[in-house]
Amino acid sequence: MRYDLVIFDNDGVLVDSEPIANTVLAAYLSELGHPTSYEESLRDYMGGAVHRVHDLVLERTGQKLPADFDETLHSRTFAAFEQELQPMKGVTEVLEWLVAEGVAYCVASSGTHEKIRVGHRRTGLDEWFEDEWIFSSEDVGQGKPAPDLFLHAARSMGVEPERCVVIEDTPLGIQAANAAGMDVYGFTSMTPADRLPGAKGYFGELTELPRLLA
């Protein structure tokens with residue numbers, strides 16, 4: 001194994017949450033008078049923290065989102081998760097392989113700690129992640145594409161950045177990993193490789209990861 005730590009993005013990598021979350025977000029923004037399609041939500045917001053939504057809406061319209069926007073968005077998203085969320089196909093096999101190899105892993109997500117944990121409980125992944133292996137953009141000053149979150153995760157796990165590999169499915173995440181000085185592999189389940197520039201390699205199924213990382 002070439003790495004001492006595997007850092008997973010959460011949404012769209014560990015849990016199949018991106019279609020659900022972006023459907024909810026697009027509908028809510030449209031309801032508020034900012035017409036947004038599902039495809040536009042994926043393009044503009046996938047992989048970013050919720051403050052990115054505030055920033056882009058303000059930049060484009062000059063209008064601020066309601067004070068309770070985050071609370072309402074999270075409530076609607078969590079309700080949808082409870083009904084629909086599933087783990088990504090092959091994720092358990094990959095985690096079993098890492099445990100067998102004795103390689104440390106963690107999750108570093110733009111989502112809140114609550115969002116991560118709700119998703120993990122719903123999909124059974126809470127059995128695979130200790131609390132101290134879960135990192136959120138809430139923990140740092142700047143989320144992706146800044147390197148802060150990945151560097152914080154590596155530091156907390158006691159591993160140098162050059163010994164880490166990041167598994168990402170968004171352009172923002174790949175930018176953040178490169179800025180942190182880490183290798184990064186692009187997961188193309190939802191986003192084609194040509195929209196994920198800068199990765200060391202690409203894969204379409206999680207079960208391909210052991211071959212790439214070994």
Any side-chain to backbone donor/acceptor pair from [X] onto [Y]? Under 3.5 Å, distance only.
X: T23; Y: P19; result: yes
X: E40; Y: S37; result: yes
X: E138; Y: H113; result: yes
X: Y202; Y: L196; result: yes
X: D139; Y: S136; result: yes

Looking at residues at least two apart in the chain, or sitting in another chain, which of them share a side chain to side chain contact (heavy atoms under 4.5 Å, CB included) with S30?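 By the side chain to side chain contact (heavy atoms under 4.5 Å, CB included) rule, S30 matches T36.
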All side chain to side chain contact (heavy atoms under 4.5 Å, CB included) counterparts of P35, not counting sequence neighbours: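 Counting only residues at least two positions away or on another chain, P35 forms no side chain to side chain contact (heavy atoms under 4.5 Å, CB included).
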If the threshold is 4.0 Å, N to carboxylate O, is there a salt bridge linking D131 and R117?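 Looking at R117 together with D131, the answer is yes, because their closest N to O distance falls below 4.0 Å.
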Is R2 paired with D183 through a side-chain N to carboxylate O contact shorter than 4.0 Å?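 No salt bridge links D183 with R2.
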Taking ring pair (Phe, Tyr, Trp, His ring centres under 6.0 Å) as the test, write out the residues that go with F187, two or more places apart.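 With sequence neighbours excluded, F187 shows a ring pair (Phe, Tyr, Trp, His ring centres under 6.0 Å) to F203, given in chain and number order.
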Show your reasoning for whether side-chain contact (heavy atoms from CB on, under 4.5 Å) applies to T170 and E168. CA-CA 6 Å; T170 69; E168 265 287 354; 3.4 Å; yes
Is any side-chain heavy atom of [X] closer than 4.5 Å to a side-chain heavy atom of [Y]?
X: E208; Y: Y185; value: no
X: H74; Y: V118; value: no
X: R60; Y: D44; value: yes

If you apply the rule side-chain contact (heavy atoms from CB on, under 4.5 Å), what do you find for D70 with H54, and how did you get there? CA-CA 9 Å; D70 294 10; H54 289 266; 2.6 Å; yes
Out of curiosity, T191 OG1 to M46 CE, how far, rounded to the nearest 0.5 Å?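 Output value for this atom pair is 3.0 Å.
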Look up atom CE in M157 and atom CD in E132, then write down how far apart they are to the nearest 0.5 Å.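 Going from CE on M157 over to CD on E132, the span is 8.0 Å.
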What do you reckon, are the aromatic ring centroids of F129 and Y105 less than 6.0 Å apart?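 F129 vs Y105: aromatic centres under 6.0 Å.
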Using the side-chain contact (heavy atoms from CB on, under 4.5 Å) rule, take L56 and E59 through it: C-alpha gap first, then chi angles, then the decisive distance, then the call. CA-CA 5 Å; L56 284 183; E59 177 184 317; 4.1 Å; yes
